[in-house]
Protein chains: 2
Amino acid sequence: MTIAEVCKLCAISADTLRYYEREGLLPPIRRTPSGIRDYSEQDLDWIRFAQCMRAAGLPIGALSRYVSLVRKGDSTLRERKEILARERTRLAERLHTLQETLAKLDGKIADYDRRCLAWEREHLRR
Amino acid sequence: MTIAEVCKLCAISADTLRYYEREGLLPPIRRTPSGIRDYSEQDLDWIRFAQCMRAAGLPIGALSRYVSLVRKGDSTLRERKEILARERTRLAERLHTLQETLAKLDGKIADYDRRCLAWEREHLRR
DNA sequence: ATAACATCTGGCGTGCGCTCCAAGTCAAGC
DNA sequence: GCTTGACTTGGAGCGCACGCCAGATGTTAT
């Protein structure tokens with residue numbers, strides 16, 4: 001699969017794909033004899049994983065370390081689990097504060113609803 | 001209240017406070033006759049609001065526009081409400097994808113738990 | 001064979017959100 | 001009065017995660 005196809009499938013830019021590969025978020029992608037990237041289905045899985053984790057705010061470095069451990073084999077299972085568990089904790093915390101913020105926003109918006117109504121009653125009175 | 005006191009109270013750097021003021025996330029802070037910032041309780045409220053919204057990912061620009069509308073008075077109530085409502089929607093979406101990511105992470109971690117156990121059974125057998 | 005287009009590498013540029021620095025002013029204690 | 005430390009401004013610098021571009025090479029269609 002060419003890079004252009006992957007771009008469309010995963011909604012990601014070619015620049016980002018090459019960047020992720022350089023940084024080790026993806027394993028080295030197989031090349032055609034002339035040097036053009038040829039993505040496999042597993043590569044797509046890696047790409048989706050990376051996108052998902054990036055969207056959750058995991059830094060490039062953490063993902064890169066994780067991928068390099070995967071490529072070292074089963075002896076790194078425990079370390080990989082610990083990386084994911086640590087990031088899970090951080091994510092859960094973020095989720096919690098975001099929920100609080102959402103609640104605050106809702107309160108403020110409800111407040112604005114009331115104030116908007118009051119203001120309009122005031123100004124549309126004739 | 002001096003900037004140093006606010007830094008401690010709100011766990012924020014003096015540089016960031018001055019930056020936020022420049023960018024309009026905070027109203028202009030009152031000064032002593034010699035030009036030193038003197039924060040009020042309302043200023044603290046603004047700071048906490050800014051921190052909360054920034055933590056939720058609202059961009060500096062949106063916050064700045066919002067604050068400038070507040071300072072223009074009640075005729076901007078509806079516009080302010082719309083800014084907050086728009087950001088609320090975006091936040092709710094982010095929250096949703098983050099929850100999905102959390103679920104995926106949990107699945108992966110459970111998987112690693114199993115694989116770790118299996119690996120250890122394999123290697124500690126004597 | 002040639003035009004038109006896709007992909008490659010290497011490297012520089014960008015936007016965001018701070019963060020640090022220099023050089024000067026101000027405030028508090030001795 | 002003098003030192004010491006906090007505060008001021010303006011501006012430069014930085015880390016991250018890309019985005020963009022040139023120039024070379026590869027591929028496809030006519």
Side-chain angles (χ1 to χ4, degrees), chain A residues 1-40 43 46-67 87 90-91 94 97-98 101, chain B residues 1-40 43-44 46-67 87 90-91 94 97 101:
Chain A
M1 204 179 317
T2 72
I3 201 168
E5 287 163 342
V6 178
C7 289
K8 285 194 180 174
L9 258 162
C10 297
I12 191 171
S13 78
D15 277 321
T16 301
L17 281 174
R18 289 188 278 255
Y19 170 66
Y20 280 4
E21 188 182 344
R22 266 202 311 282
E23 296 299 317
L25 273 69
L26 306 178
I29 306 296
R30 185 160 43 91
R31 306 301 184 102
T32 67
S34 54
I36 289 185
R37 287 176 182 79
D38 182 20
Y39 291 85
S40 71
D43 294 334
W46 276 116
I47 292 164
R48 296 202 185 96
F49 175 71
Q51 285 186 297
C52 183
M53 294 301 134
R54 285 291 307 129
L58 274 79
I60 298 285
L63 284 174
S64 173
R65 275 189 293 280
Y66 174 78
V67 175
E87 296 299 340
R90 293 161 42 81
L91 181 53
R94 289 237 343 247
T97 73
L98 258 58
T101 301
Chain B
M1 205 179 312
T2 73
I3 202 168
E5 286 162 343
V6 177
C7 289
K8 285 196 179 173
L9 258 162
C10 296
I12 192 170
S13 79
D15 276 321
T16 300
L17 281 175
R18 288 186 279 254
Y19 170 67
Y20 280 3
E21 188 182 345
R22 267 201 311 282
E23 297 297 317
L25 274 68
L26 307 177
I29 305 296
R30 184 160 43 91
R31 306 302 186 100
T32 67
S34 54
I36 290 183
R37 287 175 182 79
D38 181 20
Y39 292 85
S40 70
D43 295 333
L44 287 191
W46 276 116
I47 292 164
R48 296 203 185 95
F49 174 72
Q51 284 187 297
C52 183
M53 295 302 135
R54 284 291 307 127
L58 274 78
I60 298 284
L63 284 173
S64 172
R65 276 188 295 281
Y66 174 79
V67 175
E87 295 299 340
R90 293 161 41 81
L91 180 53
R94 289 231 349 239
T97 74
T101 301

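In what follows, chains are A, B, ... by sequence order, proteins preceding strands, each numbered from 1.
- Rounded to the nearest 0.5 Å, atoms CG (A/L25) and CZ (A/R65) are 10.5 Å apart.
- No donor-acceptor pair closer than 3.5 Å links the side chain of B/E23 to the backbone N or O of B/I60.
- The side chain to side chain contact (heavy atoms under 4.5 Å, CB included) test with B/V6 singles out one residue from B/L44, B/I29, B/D43, and that residue is B/L44.
- Between the OH atom of A/Y19 and the P atom of C/dG10 there is a distance of 16 Å, rounded to whole Å.
- Nearest nucleotide to the side chain of B/T16, out of C/dC8, D/dT8, C/dT19: C/dT19.
- Checked by atom type and distance alone, the side chain of A/D38 pairs as donor or acceptor with a backbone atom of A/M1 at under 3.5 Å.
- Side-chain nitrogen and oxygen atoms of A/S13 include at least one within less than 4.0 Å of the OP1 or OP2 phosphate oxygen of D/dG19.
- In this structure, CG in B/L9 is found 6.5 Å from CZ in B/R48, a value given to the nearest 0.5 Å.
- In this structure, A/R22 atom CZ and C/dC12 atom P are separated by 13 Å, rounded to whole Å.
- Considering only the side chain of A/I60, D/dC18 comes nearest among C/dC8, D/dC7, D/dC18.
- In this structure, the CD atom of A/E23 is 14 Å from the P atom of D/dG15, given to the nearest Å.
- B/I29 places its CD1 atom 11 Å from the P atom of D/dT9, with the value rounded to the nearest Å.
- A/L63 places its CG atom 14 Å from the P atom of D/dC16, with the value rounded to the nearest Å.
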Subject >> Nucleic acid footprint by protein, nucleotides 20-30 of chain D - heavy-atom cut-off 4.0 Å, B for base, S for sugar-phosphate alone >> reply: B-----SS---
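- In this structure, CZ of B/R31 is placed 13 Å from C1' of C/dT25, rounded to the nearest angstrom.
- By the ring pair (Phe, Tyr, Trp, His ring centres under 6.0 Å) test, A/Y66 is found to be paired with A/F49, residues two or more places apart in sequence or in another chain being considered.
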Subject >> Verdict with supporting geometry, B/R90 and B/E87, salt bridge (charged side-chain N to carboxylate O under 4.0 Å, His left out) >> reply: CA-CA 5 Å; B/R90 293 161 41 81; B/E87 295 299 340; 3.1 Å; yes
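- To the nearest angstrom, C1' of D/dA6 lies 12 Å from NZ of B/K8.
- In this structure, B/Y20 reaches the C/dC18 phosphate: one of its side-chain N or O atoms is under 4.0 Å from OP1 or OP2.
- Taking atom CD on B/E21 and atom P on C/dC18, their separation rounds to 15 Å, with Å as the unit.
- Here the nucleotide nearest the side chain of A/A4, chosen from C/dC18, D/dT9, C/dT7, is C/dT7.
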